[in-house]
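Only heavy atoms go into these numbers, but all of them, side chains included; no hydrogens, no water, no symmetry mates.
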Amino acid sequence: MKRTLLALPLSLCAWHAHAQNTCASAVPVVLAPYYVSQINGETPNPVCATGGNNATAGEWYKYTAVMDTSITVTTDLAQNAGLDTRVHIYTGTCGSLVCHGGDDDSGEGYLSVATFNVETGQTYYIAFDNNWTSSGFTFQVMMTPPPTPVAGFLPQFITTNSYGYCVVDMNDDGLDDVVSVDQNSILINYQVAGGGFSTSEYTTATANNMPSWSICAGDLDANGYNDLVYAGSGLSFMMANASGNGYSVINQPQYIFCQRSNMVDINNDGLLDVFSCHDVAPNVYYINNGNGTWTWNQGGLGNEAYGGNYGSIWIDHNNDGLTDLFIAKCRGANMPESIDELWQNNGNGTYSNVAAQVTNIADFHQSWSSAWGDFDNDGDLDVMIGASSFSGGGHKLLRNDLGSFTNITTGSGFDLYNGTSIEFIARDFDNDGYVDVLGGGSLMKNNGDMTFSPMVVPFYSGPTGDLNNDGFVDVQNDNIVYLNIGNDNNWLKVVTKGIESNANGIGARIKITTPSGIQVRDVVSGDGFRYMSSLTAHFGLGPDTAITSVVVHWPSGIVDSISAPPINGTLTVVEGESSTTTGITHLPGAEISVFPSPASNTLHVQVPGGIKGQWASITDLAGKVVAQPSLFQGTVDVSTLASGLYLLQVETTTGIRTVRFTKE
């Protein structure tokens, strides 16, 4: 974000190829630096980068690819220090341009870095605008050596409105749809069973706020159809009618410099509330009164007077069954507005910022988003906090040790990864059972040992979901849907239907157990920075051909357990229909406990309800079974294990339970 600009001398080494003032007369460029003397031409449209729609002029260039590769357009050059730029990358033709990339602040300070894939013979339009300044600057076009390709994706063109930021099931048929909006319309590409889309457009009353910063979705009034929230200079709620074929608008009157928005049940009363990060003031949220009205609140969930709140995500960081809030923060200097925050749910409707008490969280970091996923499959959520600029340090990969976070960036692949972005998300794209990270121009593939390798993909970050119902995660970029070709790995999708909890089950924790171990997902509305992705939980199973159990921990405290569900399909779990625990106000703190940890020779195991089996299974963090000792009076012999971290799995009266322990 920008507040002040400094005019500094520019280098004289750049080519003085003056850009023409229209798309039609854009100057051809090659791999070289260029000098822009002033921005005073045709305004770029559509907007392909964050920062709003305040531009009144632009300058135009075009690059024609001579090979399939990756190209970077950057103003992050020493001679531009202190300046403020914004760039848009397009395909298509003048008058019918399609966003292909763009960037505002990924470089040092307020400079721009846009990395995008190109195809031989294709022309890409490069447009700088004056959203922040009309001053001159230098930019450079250079080739980015592509990393190893990943499994293929097939592009499919669709019709979209201006803001194509959302993939979610809008007609409650269990299939993800593609949603895009304008000020007076909502266009939905409904997924058709068997493949393809059927497009419907609904005229709406005027939304005062467009999702220029973010969008989120969920069933706010529990009528069976998902509603939308647009986040711009405030929030506009778009409410689906009782048939799901029309929408009414509720324009909230308060000004907010919105960033990431979310739907979540903040006070756990079974109704979805709406939260928005505020860039220049304390965060805000609207409590759902259950009668079509909402109560405005500010503060208590991010209180810095000057904001700096960018990427919010609601997850259970400590496995206590209560939904917590993490905020990725961004400012240009090491100040309070730049320190990431972790708001822990106290279980009584209040939240406390525990970032300073939890190791490696309360750091200065230039970040707009974070990717939360159980990267090591040990039953808790780890996090990759993605850098939008390296001025505050690089990417951070943190392993969750339930009570602390260990920085394992060194040697993980993220220490060498130089792709910055405002959008980082966690998904298992190849269904191998390990969650990958998308963002910064590449897909970082999880190697299964908490290391990651960059893979070339033909898209940039966007909303995700299964858009052809084949069990593999697809990605939308504006009017193109990239369908994942997939592989032979197995999978499971889980749809949550809340009864005591909110209708979507947002905030639910889903845990599956397979012969290879466990995986967990939290149901969230709004991750990354801008986009809204599917509310269906997706699990890759790798070669596993069976699932032992699926356990859903609902926000209400109810626990549903389903034994041996079929794979390669969608499991719909209705709250309470397979309940093993009811009538409690929150989930138990732990299903299994062990002591001491670190252990020397003997590990003591305690399980509420008792241990059923006579044998335990111990695996290393790579998933390899290293021991199967007997359980004797609640103890396990671990004397033969090498020092390190392990997972202990035992059979209890309520199913298979897993816990991490350390061998000294």
Side-chain angles (χ1 to χ4, degrees), residues 168 172 216-229 231 235 237-240 242 250 252 254 260-277 282-302 312-327 343-353 495-510 522-526 532 535 537 552-560 573-577 579 581-589:
V168 72
D172 197 34
C216 60
D219 191 353
L220 290 169
D221 54 4
N223 71 347
Y225 295 98
N226 284 324
D227 312 300
L228 304 171
V229 168
L235 298 180
F237 296 8
M238 302 301 296
M239 306 296 298
I250 302 175
Q252 300 295 345
Q254 294 84 4
R260 174 76 264 177
S261 55
N262 313 94
M263 293 189 193
V264 63
D265 188 354
I266 293 173
N267 58 355
N268 204 21
D269 63 352
L271 300 172
L272 281 178
D273 310 305
V274 178
F275 173 89
S276 176
C277 280
N283 289 330
V284 303
Y285 56 97
Y286 293 82
I287 293 295
N288 191 338
N289 298 318
N291 59 0
T293 66
W294 283 264
T295 300
W296 152 276
N297 294 267
Q298 185 164 23
L301 289 167
S312 52
I313 183 170
W314 293 78
I315 43 80
D316 181 3
H317 85 94
N318 59 352
N319 286 15
D320 66 352
L322 302 172
T323 303
D324 312 303
L325 166 65
F326 177 80
I327 307 172
W343 289 84
Q344 186 165 292
N345 192 331
N346 298 320
N348 59 1
T350 66
Y351 295 75
S352 300
N353 183 12
V495 174
T496 49
K497 297 286 188 180
I499 303 297
E500 297 294 328
S501 302
N502 65 83
N504 302 101
I506 291 168
R509 164 66 61 87
I510 304 169
D522 283 2
V523 182
V524 300
S525 172
M532 174 68 206
L535 290 168
V552 180
H553 297 262
W554 299 88
S556 66
I558 292 173
V559 180
D560 282 292
V573 182
V574 179
E575 184 177 13
E577 287 194 352
S579 177
T581 304
T582 59
I584 59 176
T585 57
H586 63 277
L587 299 180

Taking every non-hydrogen atom, the tightest pair across Ala240 and Asn223: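 Looking at all heavy atoms of both residues, the shortest contact is O-ND2, 3.0 Å.
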Spacing of CD1 belonging to Ile287 relative to CG belonging to Leu272, to within rounding of 0.5 Å: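 Going from the CD1 atom of Ile287 to the CG atom of Leu272 covers 11.0 Å.
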Would you say the side-chain atoms of Asn348 pair up with the backbone N or O of Thr350, donor to acceptor, closer than 3.5 Å?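 Yes, Asn348 side chain to Thr350 backbone: donor-acceptor pair under 3.5 Å.
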About how many Å separate CH2 of Trp343 and CG of Asp324, when rounded to the nearest 0.5 Å?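 Spacing of CG (Asp324) from CH2 (Trp343) equals 12.0 Å.
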Minimum side-chain heavy-atom gap Val523-Asn504 below 4.5 Å: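 Val523 does not reach Asn504 side chain to side chain.
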I'd like to know if the side chain of Glu500 and the backbone of Ile558 have a donor-acceptor N/O pair within less than 3.5 Å.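 No; zero donor-acceptor contacts below 3.5 Å.
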Does Leu322 offer a backbone N or O that forms a donor-acceptor pair with the side chain of Asp320 under 3.5 Å?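 Yes; at least one donor-acceptor contact below 3.5 Å.
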Asn283 (side chain) donor-acceptor with Leu301 (main chain) under 3.5 angstrom: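 Checking the backbone N and O of Leu301 against the side chain of Asn283, a donor-acceptor pair under 3.5 Å is found.
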Decide yes or no on side chain to side chain contact (heavy atoms under 4.5 Å, CB included) for Trp554 and Ile499, but give the supporting numbers first. CA-CA 10 Å; Trp554 299 88; Ile499 303 297; over 6 Å; no
Expected output: side-chain Ser501 to main-chain Ser556 donor-acceptor under 3.5 Å: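 Yes.
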Please determine which of Tyr286, Tyr285, Phe275 meets the ring pair (Phe, Tyr, Trp, His ring centres under 6.0 Å) test together with Trp296.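 It is Tyr286; the other options fail the test.
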What is the distance from atom CG of Asn226 to atom CG of Asp221, rounded to the nearest 0.5 Å?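 Between Asn226 CG and Asp221 CG, I get 10.0 Å after rounding to 0.5 Å.
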Quick check for you: to the nearest 0.5 Å, what is the distance between Ile313 atom CD1 and Ile315 atom CD1?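 Between Ile313 CD1 and Ile315 CD1, I get 6.5 Å after rounding to 0.5 Å.
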Just to verify, what does Leu271 make a side-chain contact (heavy atoms from CB on, under 4.5 Å) with, not counting sequence neighbours?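 With sequence neighbours excluded, Leu271 shows a side-chain contact (heavy atoms from CB on, under 4.5 Å) to Asp269, Asn288, given in chain and number order.
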Taking all heavy atoms of Arg509 and all of Asp316, pick out the closest pair and write down the distance.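 Of all heavy-atom pairs spanning Arg509 and Asp316, the closest is NH2-O, 2.9 Å.
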Is there a donor-acceptor pair closer than 3.5 Å between any side-chain N or O of Gln252 and the backbone N or O of Phe237?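 Looks like no, no N/O pair under 3.5 Å.
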Is Ile266 close to Tyr351 at the side-chain level, that is, under 4.5 Å between some pair of heavy atoms?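 Answer yes - side chains close enough.
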If you look at every heavy atom in Ser312 and Asn262, which pair is closest and at what distance?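 The answer is OG-OD1, 2.6 Å.
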If I compare all heavy atoms of Asn346 with all of Ser352, which pair ends up nearest, and what's the gap?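 The pair with the smallest heavy-atom distance is ND2-OG, 3.1 Å.
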Backbone of Val552 reached by a side-chain donor or acceptor of Asp560 within 3.5 Å: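 Answer holds: no.
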Would you give the length of the straight line joining atom CG of Asn345 to atom NE2 of His317, rounded to the nearest 0.5 angstrom?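 Nearest 0.5 Å value for the CG-NE2 distance: 9.5 Å.
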Quick one: are Asn318 and Gln344 in side-chain contact, heavy atoms under 4.5 Å?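 With C-beta onward as the side chain, the pair touches.
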Is it true that a side-chain atom of Ser261 and a backbone atom of Ser276 form a donor plus acceptor pair closer than 3.5 Å?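 Absent.
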Spacing of CH2 belonging to Trp294 relative to CD1 belonging to Ile250, to within rounding of 0.5 Å: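 The CD1 atom of Ile250 is 4.5 Å from CH2 of Trp294, to the nearest 0.5 Å.
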Considering all heavy atoms of both residues, which atom of Ile506 and which atom of Met263 are nearest to each other, and what is their separation?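 Reported closest heavy-atom pair: CG2-O, 3.5 Å.
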Can you check whether Asp219 reaches Asp227 side chain to side chain, under 4.5 Å on heavy atoms?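 Contact flag for Asp219/Asp227 side chains = yes.
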Taking atom types as modelled, find out whether Asp265 and Thr323 have a side-chain donor-acceptor pair closer than 3.5 angstrom.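 The criterion, which ignores hydrogens and geometry beyond distance, is not satisfied for Thr323 and Asp265.
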Salt bridge between Asp172 and Lys497, side-chain N to carboxylate O under 4.0 Å?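 Here Asp172 pairs with Lys497 in a salt bridge, since their nearest N and O are under 4.0 Å apart.
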